[in-house]
Each structure stands twice: as structure tokens, then as C-alpha cells.
Amino acid sequence: NQFSGTCQTNIALPAGNYTLSFLLGKNGGSTELMEVSVGSVFSNTITDSLGYPAFVPRTFNFSVLAPTTGTILFEHAGNNNAGYIIDNVS
């Protein structure tokens with residue numbers, strides 16, 4: 001697919017409060033969807049139809065009630081010559 005992709009990494013999380021932050025850029029003005037998740041403890045769908053002139057910060061807070069393992073996942077379907085760009089994930 002044109003400008004599609006998945007970026008993921010495995011992670012172990014002790015119980016506690018967490019912040020997932022990253023810079024988000026986008027080319028094109030079509031409506032886009034990107035799934036962002038951390039194992040089974042956090043999930044969010046980012047959607048918009050605007051093109052970003054530069055990277056913008058995105059921040060999500062979530063809590064882990066018991067130690068767990070999972071995958072930090074960014075998944076964009078693409079298939080339309082536009083897409084999201086991520087940077088500085090922490």
C-alpha cells in the first residue's frame with residue numbers, strides 16, 4: 001500500500017501511570033486513520049483530514065493496574081498516497 005505501515009516494539013510495563021508521547025506529521029489532505037495502542041491497556045484511533053505543515057506533539061496518558069507485557073503499535077492502513085509520519089516516540 002502506498003504510504004502505509006506498521007511500527008511496533010515489545011515492552012514490559014510494571015503497574016503505574018504512563019504517558020505515551022510522539023510528534024505526528026502528515027502529508028496530504030485526505031482523511032486518514034491510525035491506530036495507536038499499548039498492549040491491551042491503551043488504544044486510540046487518530047483521524048483527521050488536515051495536512052500538517054510541521055510535526056505536532058501528541059500525548060496520551062494511561063494506567064497499568066498490574067504488571068503486563070505487550071506491544072506499542074502504530075498502524076496506518078494507507079492506500080491513498082497520503083499518510084502519517086511519527087518521530088520522537090517516548
Side-chain angles (χ1 to χ4, degrees):
N1 289 341
Q2 187 71 9
F3 297 107
S4 65
T6 299
C7 180
Q8 65 185 42
T9 189
N10 295 327
I11 189 168
L13 296 170
N17 296 316
Y18 292 88
T19 299
L20 173 64
S21 63
F22 54 94
L23 297 176
L24 182 67
K26 182 171 169 283
N27 66 344
S30 61
T31 300
E32 300 293 322
L33 297 171
M34 181 171 64
E35 298 292 329
V36 179
S37 62
V38 179
S40 62
V41 296
F42 171 79
S43 181
N44 187 279
T45 301
I46 296 173
T47 180
D48 68 48
S49 59
L50 302 174
Y52 301 144
F55 285 104
V56 295
R58 297 298 299 255
T59 302
F60 299 98
N61 297 309
F62 62 95
S63 297
V64 175
L65 301 178
T68 188
T69 59
T71 301
I72 299 176
L73 176 70
F74 295 87
E75 186 171 34
H76 177 252
N79 204 27
N80 60 2
N81 294 323
Y84 288 110
I85 305 161
I86 58 172
D87 195 13
N88 291 343
V89 177
S90 64

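Heavy atoms only: backbone and side chains are in, while hydrogens, waters and symmetry mates are out. These numbers were taken from a predicted model, which means no experiment stands behind them.
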Candidate pair V38 and L13, rule side-chain contact (heavy atoms from CB on, under 4.5 Å), full reasoning: CA-CA 10 Å; V38 179; L13 296 170; 3.7 Å; yes

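- Cluster annotation: F42 is connected to I11 through the hydrophobic network of ILVMFWY side chains, with a link wherever side-chain heavy atoms come within less than 4.5 Å.
- With F55 as the fixed residue, the side chain to side chain contact (heavy atoms under 4.5 Å, CB included) test singles out one of I85, I86, L24: I85.
- Each of T47, I46, T45, N44 was scored for a side chain to side chain contact (heavy atoms under 4.5 Å, CB included) with M34, with one residue passing: I46.
- For an aromatic pair to be called close, the ring centres must be under 6.0 Å apart, and Y84 with F74 fails this.
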Step-by-step side-chain contact (heavy atoms from CB on, under 4.5 Å) determination, N61 to N17: CA-CA 7 Å; N61 297 309; N17 296 316; over 6 Å; no

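- T69 has its side chain out of reach of N10: every pair of non-hydrogen atoms, C-beta onward, lies at least 4.5 Å apart.
- How far CZ of F60 is from OG of S37: 11.5 Å, rounded to the nearest 0.5 Å.
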Notebook entry, point to check: Would V36 and I72 satisfy side-chain contact (heavy atoms from CB on, under 4.5 Å), going step by step from the backbone distance to the final call?
Noted result: CA-CA 8 Å; V36 179; I72 299 176; over 6 Å; no

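- Taking hydrophobic clusters as Ile, Leu, Val, Met, Phe, Trp and Tyr residues chained together by side-chain heavy-atom distances below 4.5 Å, Y18 shares a cluster with F22.
- Annotation for H76 and L33: closest pair CD2-O, 3.0 Å, computed over non-hydrogen atoms.
- Here the closest heavy-atom approach between residue S21 and residue T59 is recorded as CB-OG1, 3.9 Å.
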